[in-house]
Protein chains: 2
Amino acid sequence: MKKPQNTKPDGQGQASAKPANKKISKGQKTRQQLIEVAASLFQKQGFHATGIFDIAEAGNLPKGSIYYHFPGGKEEIGAAAVAFAGGQIAEALEELAGKAKDPADLMTKAAALLGDVLVESDFQGGCPVCLVALEVAGKAEPIRLSALEAYARWQAIIEKHLCRFGMEKKKAAAQAELAIAAIEGALILSQVQRSPAPLRRLARQLTLSLA
Amino acid sequence: MKKPQNTKPDGQGQASAKPANKKISKGQKTRQQLIEVAASLFQKQGFHATGIFDIAEAGNLPKGSIYYHFPGGKEEIGAAAVAFAGGQIAEALEELAGKAKDPADLMTKAAALLGDVLVESDFQGGCPVCLVALEVAGKAEPIRLSALEAYARWQAIIEKHLCRFGMEKKKAAAQAELAIAAIEGALILSQVQRSPAPLRRLARQLTLSLA
DNA sequence: CACCTTTTAGAACAGCCGGTCTATTATGGG
DNA sequence: CCCATAATAGACCGGCTGTTCTAAAAGGTG
């Protein structure tokens, strides 16, 4: 985790002079693609087991070029990937929350979704936010912050949903936090057991405490 | 993860001929010590971020000697460390279960214990079982099995405790699984938030669903 | 087309990692 | 006290890692 500095694309570069942002300069597109493949790799293999080379290869780029898009190195990629993955899950959760007919339904559907992803990936696709955040705990603040935001957002979505079905705000917040923790934990159990059963059972059990 | 082979201490060596097991051959003691320091390092830094050298150093041994005690290399150390850490937590849990005046009390005390460990380690000491297991998911079966056993044991302890307080077996099993998942998840939230609050709130919330 | 910027290519590097090997030193039963 | 064995010491290796650097190509605007 050194501190390199390139002929910088400004990180999120808003202020280039001449041939700049009409829409999204090719570089931003490449950067986004790299974030996506990185998120996928981190989810399956974890942060430390995924090399810069792996990410570059998956993005069809020589590994040296990675540092053009991410001057901050692996840490910057990690933070971006966690933020992206967290956002993806938030979006999925929001969609489910919109369609669910009640909180119990939401829990069941969310657990089912995570279980499906897990099974389809041969139990490699757990929660990327959790895995990466724990791996670098205390060593990469930007990554922690990305994870923090992801969890807050998920919790807010569930909390809002609970409120919508008549739960008072205070209780909803606590229940939402329990739901996030329980699902996260059940995902781990499912991964370790190589079975979606824990996730399924948890949804049922969580539902009971919601009644 | 290669497959080395030494002039073997038989892994758990029961069958040496001449100068063998009166009590615990010094080697077994060293091995145990290595497992303990490895477990501690894995808990704080994770599996991949912890080098063989780190473990050797912490055990006051040159790194080459590690392979005398663990012919299976890092994977064997990992499996042993996870099993050990899992056992330690199980023992602590059993002690708490013995002293707790009811299930709610057990949850509260368990969460408090984990929270204390977390805070004292500057939020580096999460759950080693979870972290290591996720890091090597799909790549080191022995480690997965160690984690599996740990979770099963924890769950059994809680289940038994719930039964002791009058819950029917089936429901107790489901509640115990929820408790494990929720605590595990809350530990992650606490670590990411750098605050023991999630763990504390979860214990309260879990208690409600127990009533 | 000319020209400056953005972006990619790919080599190079120092350092570390897991693992192996052999020589040496403790250990402890006979 | 002897001697086989257990255990430690420490050098060594090939390979990989994150990172840096410079040169070339692509891109797009005037």
Side-chain angles (χ1 to χ4, degrees), chain A residues 1-11 13 15-34 38 41 45-57 59-78 136 139-140, chain B residues 1-11 13 15-34 38 41 45-57 59-78 136 139-140:
Chain A
M1 300 295 173
K2 308 266 187 69
K3 307 290 172 183
Q5 54 179 32
N6 284 15
T7 47
K8 52 191 151 172
D10 288 335
S16 353
K18 294 285 181 55
N21 29 333
K22 192 166 57 177
K23 279 202 172 174
I24 35 165
S25 53
K26 176 162 187 277
Q28 289 299 316
K29 206 181 128 191
T30 304
R31 184 185 148 98
Q32 183 57 30
Q33 190 190 326
L34 286 173
L41 288 171
Q45 317 183 339
F47 184 75
H48 286 120
T50 301
I52 294 286
F53 176 78
D54 300 325
I55 299 169
E57 190 183 35
N60 284 110
L61 229 61
K63 81 171 167 173
S65 301
I66 296 283
Y67 290 85
Y68 173 77
H69 299 279
F70 301 92
K74 210 179 177 186
E75 179 176 307
E76 186 181 348
I77 303 181
V136 302
K139 285 180 193 154
Chain B
M1 300 295 173
K2 307 267 187 70
K3 307 290 172 182
Q5 53 178 32
N6 283 14
T7 47
K8 55 194 149 168
D10 286 336
S16 353
K18 293 287 183 53
N21 28 334
K22 191 164 59 176
K23 278 201 173 175
I24 35 167
S25 52
K26 176 162 186 276
Q28 289 299 316
K29 204 180 131 194
T30 304
R31 185 185 148 97
Q32 182 57 30
Q33 189 190 327
L34 287 173
L41 288 171
Q45 318 184 335
F47 184 75
H48 286 120
T50 300
I52 294 286
F53 175 78
D54 299 325
I55 299 169
E57 190 183 36
N60 284 110
L61 230 59
K63 86 168 164 173
S65 300
I66 297 284
Y67 291 85
Y68 174 77
H69 299 280
F70 301 92
K74 211 180 178 186
E75 178 176 307
E76 186 181 347
I77 303 180
V136 302
K139 286 179 192 153

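Chain letters run A, B, ... following the sequence lines, proteins first, then strands; residues in each count from 1.
A rotation axis mapping the C1' atoms of four pairs onto the next four is fitted at both ends of the helix from dC1(C)-dG30(D) to dG30(C)-dC1(D) over five pairs, and the angle between these axes is 20° to 10 degrees.
Proximity of Lys63(A) to Asp54(A): side-chain heavy atoms (C-beta onward) are nowhere separated by under 4.5 Å. Between Ile52(A) and Tyr67(A) the shortest side-chain heavy-atom distance falls below 4.5 Å.
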Under 3.5 Å, which N/O atoms of the protein pair with N/O atoms of nucleotides 8-11 of chain C?
{"residue": "dT8(C)", "atom": "OP1", "partner": "Lys26(A)", "partner atom": "NZ", "Å": "3.4"}
{"residue": "dT8(C)", "atom": "OP1", "partner": "Thr30(A)", "partner atom": "OG1", "Å": "3.2"}
{"residue": "dT8(C)", "atom": "OP2", "partner": "His69(A)", "partner atom": "NE2", "Å": "2.4"}
{"residue": "dA9(C)", "atom": "N7", "partner": "Ser65(A)", "partner atom": "OG", "Å": "3.1"}

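With sequence neighbours excluded, the residues forming a side chain to side chain contact (heavy atoms under 4.5 Å, CB included) with Ser65(B) are Leu61(B), Pro62(B), listed by chain and number. Checked against side chain to side chain contact (heavy atoms under 4.5 Å, CB included), Gln32(B) has the following partners two or more places apart in sequence or in another chain: Ile35(B), Glu36(B), Phe84(B).
Between the CD1 atom in Ile77(B) and the CD1 atom in Ile55(B) there is a gap of 4.5 Å [rounded to 0.5 Å]. Atom CD of Glu76(B) sits about 11.0 Å away from atom CD1 of Ile66(B), to the nearest 0.5 Å. Note: His69(B) NE2 to Lys29(B) NZ = 12.0 Å, rounded to the nearest 0.5 Å.
When all heavy atoms are compared, the tightest approach of Lys139(A) to Glu75(A) is O-OE1, 4.1 Å.
Taking atom CZ on Phe47(B) and atom P on dC17(C), their separation rounds to 13 Å, with Å as the unit. Look at CD1 on Ile77(A): it is 13 Å from C1' on dT17(D), rounded to the nearest Å. The interatomic distance linking Lys74(A) (NZ) with dG15(C) (P) rounds to 19 Å, in whole Å. The interatomic distance linking Leu34(A) (CG) with dT7(C) (P) rounds to 12 Å, in whole Å. If you take CD of Glu76(A) and C1' of dT19(D), they are 14 Å apart, rounded to a whole angstrom. Remark: P of dA12(C) and CZ of Phe53(A) are 17 Å apart, rounded to the nearest angstrom. Protein atom CD1 of Ile66(A) is 14 Å distant from nucleotide atom C1' of dT17(D), rounded to whole Å. Look at NZ on Lys29(A): it is 14 Å from C1' on dA26(D), rounded to the nearest Å.
Lys74(B) places a side-chain N or O within 3.5 Å of a backbone atom of Phe47(B) that can act as its donor or acceptor partner.
Under 4.0 angstrom from either OP1 or OP2 of dT20(C) there lies no side-chain N or O belonging to Tyr67(B).
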